[in-house]
Trainee: 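Encoded as structure tokens, here's the structure I'll be asking about.
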Amino acid sequence: MSEEVRVRFAPSPTGYLHIGGVRTALFNYLYARHNKGTFILRIEDTDRTRSTEEYIDAIIEGMKWLDLDWDEGPYRQTDRFDVYRRYADKLLNEGKAYYCYCLPEELERRRQEALVQGKSPKYDGRCRNLKEPLTGRIPAIRFRMPQEGETVVNDLIRGKVTFENALLDDLIIMRSDGTPTYNFTVVVDDVDMNITHVIRGDDHLNNTPKQIHIYNALGYEVPLFAHLPMILGPDKTRLSKRHGATSVLAYKEMGYLPDALVNYLVRLGWSYGDQEVFTRDELIKYFSFENVGKSSAVFNPEKLLWLNSQYIIKTATENLIDLVMPFLIREKVINEDRILNKEWLSKAINTLKERSKTLIELAYSLRFYIVEDIEYDEKAKARFLNERHLPYLIDIRKELEALNNFIAPEIEKAFMSVVKKHNTKLGNVAQPVRVAITGKTESPGIFEVLEIIGKEKTLKRLEKAIKTIGIKP
RNA sequence: GGUCCCAUCGUCUAGAGGCCUAGGACAUGGCCCUCUCAAGGCUAAAACACGGGUUCGAAUCCCGUUGGGACCGCCA
């Protein structure tokens, strides 16, 4: 027995990689990295009618975006059908599994009947001790589940969970079309891949005793289990498409930083004292199941947004340039062929970093720096581009025009001189200028903004504002 | 219906029988800073689901009730 920790994330490509899946992947990843173990990616695509290549690609892309790098795989179960077949034959030969000739429609009918009568829908075992094969039907293979005693799942998060064997169903391990089913393939693969810890969603806890019996039947040691609590939507039901974004990649499109999402998700059900923000290294260092909670958690978009803004502030401006560029193009702030001076752009970004909760917001707010013609917000225009503020605009234009060194401290002096001359408050000069330059009543500090916009554009925009007031009384 | 799981502010959580007058974070209100908006600082309001035990002492241990969730497929 090796000491090495081997864990796996095993999504089925019947849908996109969603928040819940990512959290499972993340906890597997953290546990592996914390223990210097191996993290395996396995695609559970035995349901051939619902699995698609597109989903597989999206899962992989999502994992890569979040930088949840795996060490082995992706393995695909559809490549391993002969392995399952071999194990199934073995169980058949040993009498631990048997052919079942019941038709899916028959089973479904019996299930419904049981439900109507308020009984537990369980396979009645009518093919369990068949002496002769039934002709004219292609059988499925069922696992012969022990019916006495109880099974204890020793869960790293839940503790001991006990199940009565009499309640366990003889489940189908091979369909009549020869393809294997989930509860069988997981066990075979986890055995085959030497998985030491099965870390997965809470929804599998009820499957676990059945799987334990398959391990036993196959003669293998049972791995350790850790069942993670579910993530709920705002209505406290299981997170689903109704609750907004389906794919994690949608979060990428919405301008979230991968590390912010990871940080948010890890705190859903896990904690480390009062700490809220973690680097990836800290996460790996501190992670343990002892600090994983047992109860399900409601997904809270507001806190994610807050964390995202914290990560934007933390990110080096240099990196932010590359991150925001696709959004500048997508939101048509710049044309694809237009090359911006990086040094200049980083100055602009610096003023907007702590004002942006997402990369989209950052891209939008960068607009007034970049475009030639800004548009006035109607309310802002009505309030500040009027007769009352006209003298200030005329004077500040004059003062700024006279500046040789167009830098923030000099610009400030110019403003102060106008303020003094009119014996007014700075806001009365700054706000109309802000509207003239940015089109809005909110922006970063106006002196900095003017420096970054530059003298030429500043004067041009001031003149346009002055003219606007002249035209419209 | 059966089985299993869970239960601290609106939400995420700290809490391992006395450090609890229940702490932190998001969101919300107020104040400070201030050229606006943010960021930041300070501050306010806000929770141990309920009922029984055990104990000198319970958010913490036990039992029950209630509430929520998951699963009961030839889906995974």
Side-chain angles (χ1 to χ4, degrees), chain A residues 10-15 44-47 49-51 100 102-104 107-108 111 114-123 139-142 153 155 157-158 161-164 167-169 171-177 179-183 185-186 201-209 227 229-230 232 234 236-238 264 267-277 290-291 293-307 309-310 313 351-357 365 380 384 412 415 419 425-431 433-435 438 440-447:
Chain A
S12 78
T14 53
E44 310 222 320
D45 55 350
T46 54
D47 184 348
T49 56
R50 295 198 301 149
S51 300
C100 173
C102 299
L103 261 20
L107 294 167
E108 181 58 27
R111 195 172 13 254
L115 243 23
V116 168
Q117 289 168 42
K119 283 193 281 193
S120 196
K122 192 188 167 191
Y123 177 62
I141 301 175
R142 274 189 197 271
V153 177
D155 194 276
I157 294 168
R158 311 280 149 163
V161 184
T162 308
F163 295 85
E164 223 173 304
L167 270 9
L168 266 25
D169 230 350
L171 46 84
I172 288 174
I173 57 175
M174 297 290 273
R175 301 181 186 100
S176 49
D177 67 359
T179 60
T181 62
Y182 166 76
N183 277 297
T185 57
V186 246
D202 216 348
D203 45 344
H204 290 292
L205 186 55
N206 285 308
N207 283 325
T208 309
H227 287 97
M230 300 270 91
L232 274 26
K236 305 220 177 190
T237 67
R238 206 180 156 162
Y264 175 72
R267 280 286 288 102
L268 227 46
W270 176 84
S271 60
Y272 188 77
D274 284 340
Q275 192 170 341
E276 294 286 350
V277 183
E290 275 177 38
N291 300 320
K294 295 178 178 185
S295 52
S296 42
V298 175
F299 185 82
N300 181 208
E302 258 110 39
K303 191 157 180 180
L304 206 209
L305 208 52
W306 171 76
L307 263 170
S309 69
Q310 293 296 310
I313 291 170
T351 67
L352 259 12
K353 272 171 100 158
E354 62 195 29
R355 287 162 230 267
S356 311
K357 290 193 195 303
S365 57
F384 293 108
E412 181 170 1
F415 271 78
V419 167
K425 284 190 277 190
L426 178 55
N428 286 330
V429 185
Q431 281 305 82
V433 172
R434 175 167 281 119
V435 177
T438 72
K440 299 193 184 93
T441 53
E442 318 88 41
S443 84
I446 194 66
F447 313 134

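As the structure is a computational prediction, the values presented were derived from the model and not from experiment. Order of the sequence lines fixes the chain letters, A, B, ..., with proteins taken first and strands second; residue numbering starts at 1 for each chain.
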Trainee: Touch check for A/Cys100, heavy atoms < 4.0 angstrom, all strands: base, sugar-phosphate only, or nothing?
Mentor: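 No contact.
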Trainee: Assign A/Leu268 to base, sugar-phosphate, or nothing according to its heavy-atom contacts below 4.0 angstrom with the strands shown.
Mentor: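 Sugar-phosphate contact only.
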Trainee: If I take atom CD in residue A/Glu412 and atom P in nucleotide B/rU34, what distance separates them, rounded to the nearest angstrom?
Mentor: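 That distance rounds to 12 Å.
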Trainee: Looking at the base of B/rC5, is there any donor atom on it, or on the side chain of A/Arg158, that sits under 3.5 Å from an acceptor on the other one?
Mentor: no
Trainee: Is A/Thr181 side chain donor-acceptor paired with the B/rC74 base, going by distance under 3.5 Å alone?
Mentor: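 Looking at the base of B/rC74, it does not pair with any donor or acceptor on the side chain of A/Thr181 (distance under 3.5 Å).
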Trainee: Using a strict cut-off of less than 4.0 Å between a Lys/Arg side-chain nitrogen and an Asp/Glu carboxylate oxygen, indicate whether A/Glu276 and A/Lys303 qualify as a salt bridge.
Mentor: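 Salt bridge present between A/Glu276 and A/Lys303.
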Trainee: Could you tell me whether A/Phe163 contacts a base, only the sugar-phosphate backbone, or nothing, with contacts defined as non-hydrogen atoms closer than 4.0 Å?
Mentor: sugar-phosphate
Trainee: Let's test this: given Watson-Crick or G-U wobble pairing with both distances under 3.5 Å, identify the partner of B/rA38.
Mentor: none
Trainee: Using a heavy-atom cut-off of 4.0 Å across all strands, would you classify A/Ser356 as base, sugar-phosphate, or nothing?
Mentor: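 If one applies the 4.0 Å heavy-atom cut-off, A/Ser356 turns out to touch nothing in the nucleic acid.
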Trainee: Could you work out which one of B/rU11, B/rA76, B/rC4 sits closest to the side chain of A/Leu205?
Mentor: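 From the listed options, B/rC4 comes nearest.
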Trainee: Using a heavy-atom cut-off of under 4.0 Å over every strand shown, decide if A/Gly445 touches base, sugar-phosphate, or nothing.
Mentor: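 Base, at least one base atom sits under 4.0 Å.
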Trainee: Under 4.0 Å, heavy atoms only, any strand: does A/Glu276 hit a base, just the sugar-phosphate, or nothing?
Mentor: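 The answer is base, as A/Glu276 lies within the cut-off (heavy atoms under 4.0 Å) of a base atom.
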Trainee: Would you say A/Thr208 and A/His227 make side-chain contact, with heavy atoms under 4.5 Å?
Mentor: yes
Trainee: Heavy atoms under 4.0 Å, any strand shown: does A/Ser295 hit a base, just sugar-phosphate, or nothing?
Mentor: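 Result for A/Ser295 = sugar-phosphate.
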Trainee: Considering Watson-Crick and G-U wobble pairs with both distances under 3.5 Å, what does B/rC4 pair with?
Mentor: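 Checking every strand shown, B/rC4 finds its partner in B/rG69, with both distances under 3.5 Å.
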Trainee: Does A/Arg434 count as lying over the ring of A/Phe384, i.e. NZ or CZ under 6.0 Å from the six-ring centre, within 45 degrees of the axis?
Mentor: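 Geometry flag: not set, cation outside 6.0 Å or 45°.
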Trainee: Determine the contact category for A/Ser271: base if any of its heavy atoms lies under 4.0 Å from a base atom, sugar-phosphate if only primed atoms, P, OP1 or OP2 are that close, otherwise nothing.
Mentor: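 Here A/Ser271 touches the backbone only, sparing every base.
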Trainee: Taking atom types as modelled, is there a side-chain donor on A/Asp47 or A/Thr49 under 3.5 Å from an acceptor on the other?
Mentor: yes
Trainee: Pairing check on B/rC19: which nucleotide meets the Watson-Crick or G-U wobble criteria with it, both distances under 3.5 Å?
Mentor: none
Trainee: Identify whether any heavy atom of A/Pro11 sits under 4.0 Å from a base atom; if not, whether one sits that close to sugar-phosphate; answer base, sugar-phosphate or nothing.
Mentor: nothing
Trainee: With sugar-phosphate meaning primed atoms plus P, OP1 and OP2, does A/Thr185 contact a base, only sugar-phosphate, or nothing at under 4.0 Å between heavy atoms?
Mentor: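 Answer is nothing: A/Thr185 stays at 4.0 Å or more from every strand.
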Trainee: Are OP1 or OP2 of B/rC5 and a side-chain N or O of A/Ser296 less than 4.0 angstrom apart?
Mentor: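 Indeed not, no polar side-chain atom of A/Ser296 lies that close.
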Trainee: Establish, with yes or no, whether the OP1 or OP2 oxygen of B/rG73 is under 4.0 angstrom from a side-chain nitrogen or oxygen of A/Arg111.
Mentor: yes
Trainee: Checking all strands, does A/His227 fall into the base, sugar-phosphate, or nothing category for heavy-atom contacts under 4.0 angstrom?
Mentor: nothing
Trainee: I'd like to check A/Lys440 versus A/Val435 (side-chain heavy atoms, cut-off strictly below 4.5 Å). Are they in contact?
Mentor: no
Trainee: Pairing check on B/rU55: which nucleotide meets the Watson-Crick or G-U wobble criteria with it, both distances under 3.5 Å?
Mentor: none
Trainee: Under 4.5 Å between any side-chain heavy atoms of A/Glu290 and A/Trp270, yes or no?
Mentor: no
Trainee: What integer number of Å spans the P atoms of B/rC5 and B/rG52?
Mentor: 26 Å
Trainee: What contact category does A/Leu107 fall into here, base, sugar-phosphate, or nothing, at under 4.0 angstrom with non-hydrogen atoms?
Mentor: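 Counting heavy atoms under 4.0 Å across all strands, the contact made by A/Leu107 includes a base.
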Trainee: Between B/rU11 and A/Lys236, is there an OP1 or OP2 to side-chain N/O distance shorter than 4.0 Å?
Mentor: yes
Trainee: Over all strands shown, is A/Asn428 touching base, sugar-phosphate only, or nothing at heavy-atom distances under 4.0 angstrom?
Mentor: nothing
